[in-house]
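Report on the structure given below.
On a predicted model such as this, the values are computed, not experimentally measured, just so you know. Chain identifiers are assigned alphabetically (A, B, ...) following the order of the sequence lines, protein sequences preceding nucleic acid strands; residue numbering begins at 1 within each chain.
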Amino acid sequence: MDAQRAEVRALEAEIAALRRACEEPRAAGEYGWRARKSLREMYQSDSEGWASSKDLRSHLGHLESELLFLSTLTGISIRNYSMKTEDLTNTEKTEKSMKKVLQRHRLSGNCHMITFQLEFQILEIQDKENLSSVITDLNIIMEPTEYSELSEFVSRAEERRDLLMFFRSLHFFVEWCEYRKRTFEHFKEKYPEAVHLPEGAASSCMVVQSARQRGFELVIVWRVQIDEEGKVLPKLDLLPKAPQRALQLDRNRVLETAPLGFRALLGTLGIEAALESLIKSLCTADYDKFPANMQACDLPHKQLLSSADRRHL
Amino acid sequence: MEWANDGKSKGGVLAHLERLEIQVNRSRKNLEDLQRAQAVESALRTKIHKLRCLRDELRAEVKQRQARVRASTASVEHDQTLEISEQEVMERRQEKVKAILQAYRFTGLSGKLTSRGVCVCISTAFEGNLLDSYFIDLVIQKPLRIHHHSIPVFIPLEEISAKYLQNNIQHFLFCLCEYLNAYAGRKYQADRLQSDFAAFLAGPLQRNSLCNLLSFTYKVEPRSQFLFRARLLYKDLTTTLPTDVTITYQGMDALSPSWEEQRASHENLFFSKPLHQVFTSFARKGEKLDMSLVS
């Protein structure tokens, strides 16, 4: 009985201890909370901590928006970039006052649908008076595109190590291609029966067929060329096709002289109006319900292109 | 029996009964005591059982609580590591974005957002040589406005901005790029000619501020007495090769056919090659000539 009483006492004591322990968890939780709070305080006082992570987030947000802005502004987005430098000052026997640094850059990105990957080296030479930076090596890798015109231009840019020209010409090239596409689409939409785009709107070729006079066809080949200096110029040619019999009847050699006439037309009217008048001349009967002076879609470069056309064509 | 003869024995019966009674009472009391003790014991047993149950419950609860506390502290630590790695990710991204923003200068156009718009930096280069850069501070509002810029006055900025600034800012900037790069390229060629080929020049090289009209007198070899006069005009301000080249022979009135041939070939050279490269080819020819004289 005494043993039982002793057990009861022991149990009661244990229970009391356990009850206290059960009260404690609230305190333990409190401890955890306090610990977290103090940790946070610790981090807040630490410049690399949570408070600065908020700053970091907002700073990063700012940088990201700047990046987005730049890529919209230039039309060029850079996805990856890295640079390594190598100090050549000591490796070569140079004058003491001269400092030579070789930078190796890698850059990849895209300009609209054209993706590029660049590797180039810049040699920086600093002497007492001035600093010169020269690109000593330029490699351009581009994914094969439908634009075959670009490959020749790329090798020229590499040869001349002209990085800025590469980007400038690429921009103007893409701008012209987009304009050509929009113009072709516009005419296809406006004259769906007469205008055909056999290789799609992004190609260099538009075909105008007369619905009434079968066999008559005007093929317009619009190329975007990049010259030696990196200047981008449109080049339009007209290839008329007619049945043999019609050619025999063409005493005034209208069809033969049409390509030259088209050139003259381009020079005076600009690309859009020249194309419009060409389509109309072949399909007057089909489209006479359209007023003759109907304007083409309002393209943002219209002014620029018509003036540029007159200059270059 | 004894108690029949003895008075005591009479009293002895009673006393016996008394004793018996006491015995009975005693044993009843003993029994009651025993019963009471048994009840106490069973009560104790029940109590112990209950207490044990309670203790076990409490033990389990304590264990649970401890586990929860442990988990919560662990989660605090976990949160911390998560937060740090997220921070690392952000830091890495920040470095990457910063580098890419820097790399934009290689496209010719880079920039920084300002409180009112953007400050665009236009880099120039001629072939591989990275040259000066210019800035143009734009206020983004309708209509777009140029706030400040460092573009030389002779660049037709007003004309370009009137044409394109409001309707196509991208085209405006690349156009400006074209003008500035062409100017930088022409200036670079003229500078190189003056600095590297001074021995070939007779008198100073004359140029206008745009460097689109150059004139100079030169000889094909440093020791030569025969002088040519060159006049190069770059009508298109976006080019680095001349649109008009006039080479005249100075000195003799009548030009021999071989000199005329040379003059014409020079014209072609100036049309197709940058100035300093033309003179590099002169120098190389001179070397060859020297070599042929030696051998």
Side-chain angles (χ1 to χ4, degrees), chain A residues 1 4-5 7-8 11-12 14-15 18-19 21-22 24-25 28-29 32 35-36 39 50 53 56-57 59-60 62-67 69-70 73-76 78 80-83 105 107 122 132-136 138 160-165 167-168 171-172 175 229 231 300-301 303-304, chain B residues 37 40-41 44-45 47-48 51-52 54-55 58-59 61-62 65-66 68-69 72-73 76 80 83 86-87 90-91 93-94 97-101 103-104 106-113 118 120 123-125 127-130 163-164 167-171 173-174 177-178 181 238-241:
Chain A
M1 205 128 89
Q4 282 175 324
R5 286 219 170 84
E7 193 182 345
V8 166
L11 278 171
E12 276 170 348
E14 192 182 344
I15 285 163
L18 286 169
R19 280 229 162 94
C22 275
E24 252 172 51
R36 234 175 289 181
L39 261 175
W50 285 356
S53 100
L56 184 66
R57 191 167 284 134
H59 187 224
L60 184 59
H62 179 80
L63 288 174
E64 296 270 15
S65 64
E66 196 158 87
L67 184 59
F69 185 87
L70 262 188
L73 189 72
T74 60
I76 297 164
I78 300 177
N80 277 302
Y81 169 71
S82 67
M83 195 254 279
H105 303 259
L107 189 156
I122 294 179
S132 79
S133 299
V134 182
I135 297 173
T136 54
L138 172 63
R160 293 172 57 162
R161 292 166 285 120
D162 207 333
L163 188 58
L164 298 192
M165 182 194 81
F167 279 113
R168 216 164 44 238
H171 161 80
F172 286 118
E175 196 177 55
E229 278 202 80
K231 282 197 154 286
H301 307 91
Q303 190 193 358
L304 117 86
Chain B
V40 169
E41 205 185 313
L44 268 175
R45 224 180 283 132
K47 193 175 181 184
I48 285 172
L51 283 174
R52 274 183 186 157
L54 182 62
R55 182 202 59 184
L58 283 169
R59 269 184 182 171
E61 200 181 324
V62 167
R65 297 246 166 176
Q66 276 172 346
R68 230 177 289 151
V69 169
S72 80
T73 22
V76 167
Q80 239 170 279
E83 193 78 24
E86 199 191 328
Q87 186 162 345
M90 282 201 292
E91 273 166 9
R93 176 73 191 153
Q94 182 179 332
V97 174
K98 267 187 189 168
I100 290 175
L101 286 170
Y104 263 92
F106 297 120
T107 69
L109 288 172
S110 52
K112 240 184 148 29
L113 292 175
V118 62
V120 180
S123 320
T124 66
E127 304 201 322
N129 305 283
L130 302 177
K163 257 188 191 164
Y164 312 123
N167 54 32
N168 190 343
I169 183 174
Q170 197 178 89
H171 191 81
L173 290 171
F174 274 101
C177 253
E178 232 185 349
N181 274 277
T238 62
T239 58
T240 52
L241 287 175

Enter the distance from B/Arg55:CZ to A/Glu12:CD here, rounded to the nearest 0.5 Å.
12.5 Å

If you tally heavy-atom pairs under 4.5 Å between each of A/Val134, A/Ile78, A/Leu107 and chain B, the highest tally belongs to A/Ile78

Distance in Å, A/Leu63 CG paired with B/Ile100 CD1, rounded so as to fall on 0.5 Å steps
11.0 Å

Any donor and acceptor pair, going by atom type alone, linking the side chain of A/Glu229 with main-chain N or O of B/Thr239 inside 3.5 Å?
no

Ignoring hydrogens and angles, state whether a donor on the side chain of B/Thr238 or A/Lys231 is under 3.5 Å from an acceptor on the partner side chain.
yes

Given that the side chain runs from C-beta out, which part of A/Glu66 has a heavy atom under 4.5 Å from chain B: side chain, backbone, both or neither?
both

Do the charged groups of B/Glu127 and A/Arg161 touch, with an N to O distance under 4.0 Å?
no

Give the member of B/Ile48, B/Thr240, B/Val40, B/Leu101 that has the highest number of heavy-atom pairs under 4.5 Å with chain A.
B/Ile48

Point-to-point distance, once rounded to the nearest 0.5 Å, from CD of B/Gln94 to CG of A/Leu56:
5.0 Å

Can you tell me how far the CD atom of A/Glu7 sits from the CG atom of B/Leu51, to the nearest 0.5 Å?
8.5 Å

How far does CG of A/Leu163 sit from OG1 of B/Thr107, to the nearest 0.5 angstrom?
8.5 Å

Quick one: what part of A/Leu138 sits under 4.5 Å from any heavy atom of chain B, side chain, backbone, both or neither?
neither

I'd like to know which of B/Ala99, B/Ala37, B/Gly108 tops the heavy-atom pair count under 4.5 Å against chain A.
B/Ala99

Residue part contacting chain A, namely of B/Leu173, when any heavy atom lies under 4.5 Å:
side chain

Here the gap from A/Phe167 atom CZ to B/Tyr104 atom OH, rounded to the nearest 0.5 Å, amounts to 9.0 Å

Do the non-hydrogen side-chain atoms of A/Ile122 and B/Phe106 ever get within less than 4.5 Å of each other?
yes

Closest non-hydrogen atom pair between A/Leu60 and B/Met90, with its separation:
CD2-O, 3.9 Å

Considering only heavy atoms and a distance below 4.5 Å, find which of B/Ile169, B/Leu109, B/Asn129, B/Asn181 pairs most often with chain A.
B/Asn181

Highest number of heavy-atom pairs under 4.5 Å with chain B among A/Glu64, A/His59, A/Met165 belongs to A/Glu64

Nearest non-hydrogen partners of B/His171 and A/His171, listed with the distance:
CA-NE2, 4.5 Å

Give the ring-plane orientation class for B/Phe174 versus A/Phe172, where under 30° counts as parallel, over 60° as perpendicular and anything between as tilted.
perpendicular

Tell me, out of B/Lys98, B/Arg45, B/Lys112, who's got the most heavy-atom pairs with chain A below 4.5 Å.
B/Lys112

